[in-house]
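Report on one structure; see the data block that follows.
In what follows, every chain begins at residue 1, and chains take the letters A, B, ... in the order their sequences are listed. Being a predicted model, the structure only gives us computed values, none of them experimental.
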Amino acid sequence: MSKIFETPLYPYARSSDQDASVPVRHPVVVVGAGPIGLGAAIDLALHDIPVVVLDDNDKVSWGSRAVCYAKRPLEILDRLGCGEPMVNKGVEWKLGKVFFDERKVYDFNLLPEGGHRRPAFINLQQYHFEKAMVDRVRELQAQGKPIGLRGGNKAIAVEQRGDHVRIGVETPEGPYAIEADWLIACDGANSPIRAMLGLDFVGRVFEDNFLIADVVMEAKFPTERWFWFDPPFNRGQSALLHKQPDNVWRIDFQIGWDIDRQEELKPENIDRRLRAMLGQDIKYELEWRPIYTFQCRRMEKFHEGRVIFAGDAAHQVSPFGARGANSGLQDTDNLAWKLKLIIDGKAPAALLDSYDVERIHGADENILNSSRSTDFITPKSEASRLFRDAVLDLAEHFPATRPMVNSGRLSVPCTYDGSPLNGPDNAKMPKRTRAQASPMVDAPTANGFLLDRLPGRFHLLTINAEAPASLDVDGVTATRLALGPADDPDGFLKERYLGEAKSAVYLVRPDQHVAARWESHDDAAVRAALNTAVGRLA
Amino acid sequence: MSTLNTGANIAGPDDFYAELLAAHDGLSKAESDAFNARLILLLANHIGDRQVLAQALQAARRRK
Ligand SMILES: Cc1cc2nc3c(=O)[nH]c(=O)nc-3n(C[C@H](O)[C@H](O)[C@H](O)COP(=O)(O)OP(=O)(O)OC[C@H]3O[C@@H](n4cnc5c(N)ncnc54)[C@H](O)[C@@H]3O)c2cc1C
């Protein structure tokens, strides 16, 4: 039986665009059908914006690649309509253990609080993840949503033409050209579109190699993330063990900078490593075994003219912290509603500048965190190894240094402090949901989880407060979601949204970040905040 | 704002100094270095205050 990642899912098929005498213009073309390109396309199609996705390939990701998906992206995927199959298929986990030498020194629980629909993390092979997204594309197509997916279509040229872009596409049947009002480049870390436009992608290269062995085996390890510093089976280096669905295990060995790749990749050498780690009598089958190095870098700007970058094309991080695909989905979550408003003429094109501000903030946070993890995992000097080992040694006995143990700071959504879209805040209310475009925190309500009740447009969330059922400012509407005491038997809304206040009115953005909040409804203030949140400057 | 106490603050300074050195007795250079690192981390955690710690880092950087 062939694996999912060996099966063509969207094989090349001729499109009528290839027979047109003049290049056909589309509102949006997405280049790249990885998780981020598919996410962008699904989001736009749900907003009824016609979108065409081009991919040079016709299959899902080769090998597992990304494995860990965090709560926030799962919530975004729920909104896109494909979270459920992923969570059902995925392996849920929240516990992690850290070992140093032969001892367990520390363990952690990523989500020690209740009241969330989604778990802190699931593990799922990237090919399953992308397959669920392709299935969702097919479902939307069946419903008549305007979304096209063209395999075997490689973007080979791009030209900025003022109010649109022309894209040269190569296919098995020869080249053609199409045009787009907006091009979203989701063509991965090596982004050919970025290169064609001559844009920089600079940052830091880490001088280290990691060998991944994804193996299929029956094993009794618990569903936890296990991380070893300097274990007997990989002296001076680190190792990671993680469970994926279908008895696939992710094993990741740090192997250092000066290595012989061919030698390391030999099955007998991988076998030796695996048996040293897991026991001599294990039975397994190797599914995927790449060696990777990594970099932390980002583009200086995330859009240029009519071309917008998202996902790995715009920023790249080390995998420790699972911040790649997780943050890429937050890019398109941030972008889609803004582009919708711009295309509909309801917001100025300058709203796109806030995409740069907010997602560069996100990228910098991710790069900072993943660089620090990398520095902890691979100490760069004698002093840094000394302190790293001291932190681990003490962690076994005292809580004091446990917060410094850094085997990856796992992806959490960011708060866009200082974003130009932010409105008034209220200091009586909790800091975690402050009106600095904090991500909304899920909570159970009488009629389901809160985030499910705030789908894809502006909402006015009222808790024990009055407000009109909806409010329109020049074509942008905020719809009220009214909650009261009956919605909060366990106090989650109080803890997450009210704080010291008795009542609250939250203006919630389509991407479920907090634009502004007050104790009671004030029509003029809400209207002003809505204008600010869509980039209409006073 | 809290400030780093750089005045003399330990009662029995000679005793403390002797204890500090005694703790290193018989340790190799590598073991001493590791000991010092653990000690710094424990003391830093006890202080906790980031401003004070920043001043201590600054003060320790000064030579002569
Ligand atoms: C070992 C490893 C482990 C990882 N673990 C995690 C993890 O646990 N969690 C996490 O969130 N992230 C993880 N990541 C990162 C994650 O895999 C990436 O962030 C994610 O794949 C980025 O998605 P993307 O859609 O931006 O790019 P890609 O997945 O790279 O997709 C780009 C797409 O563009 C297409 N393309 C390229 N050029 C062209 C062209 N000229 N024309 C048409 N199409 C083109 C490609 O065929 C491809 O389909 C990991 C990565 C690695 C390598």
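To the nearest 0.5 Å, atoms OG (A/S407) and CZ (A/R225) are separated by 4.0 Å.
A/N269 and A/E264 form no side-chain donor-acceptor contact under 3.5 Å, judged by distance and modelled atom types alone. Side-chain atoms of A/E358 and A/S419 form a donor-acceptor pair, as typed in the model, at a separation below 3.5 Å. Under the 3.5 Å distance criterion, with hydrogens and angles disregarded, no donor-acceptor pair is assigned to the side chains of A/N234 and A/Q254. Between the side chains of A/R323 and A/N366, a donor-acceptor pair is found at a separation under 3.5 Å.
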For this session: List the steps and the verdict of ring pair (Phe, Tyr, Trp, His ring centres under 6.0 Å) for A/F320 and A/F210.
Result: CA-CA 11 Å; A/F320 296 102; A/F210 290 80; 5.1 Å; yes
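Within residues 35-45 of chain B, the residues that have a heavy atom under 4.5 Å from a heavy atom of chain A are B/A37, B/R38, B/I40, B/L41, B/L42, B/N45, listed by number. Taking non-hydrogen atoms and a 4.5 Å limit, the residue list of residues 387-400 of chain A in contact with chain B, ordered by number, reads A/F387, A/A390, A/V391, A/D393, A/L394, A/F398, A/A400. Contacts between residues 428-435 of chain A and chain B, counted as heavy-atom pairs separated by less than 4.5 Å, involve no residue at all.
The neighbour count for A/R235 CZ, taken as heavy atoms of other residues, nucleotides or ligands under 6.0 Å away, is above 12. More than 12 heavy atoms of other residues, nucleotides or ligands shown are found within 6.0 angstrom of CD on A/E263. Atom CD of A/E300 is surrounded by 12 or fewer heavy atoms from other residues, nucleotides or ligands within 6.0 Å.
Using bins of under 30°, 30° to 60° and over 60° for the plane-to-plane angle, the ring pair A/Y416/A/H361 lands in the perpendicular bin.
Using a 4.5 Å heavy-atom threshold, the side chains of A/F294 and A/S370 count as separate. No side-chain heavy atom of A/Q237 sits under 4.5 Å from any side-chain heavy atom of A/I255.
Residues forming a side chain to side chain contact (heavy atoms under 4.5 Å, CB included) with A/P222 (at least two apart in sequence, or on another chain): A/E224, A/W226.
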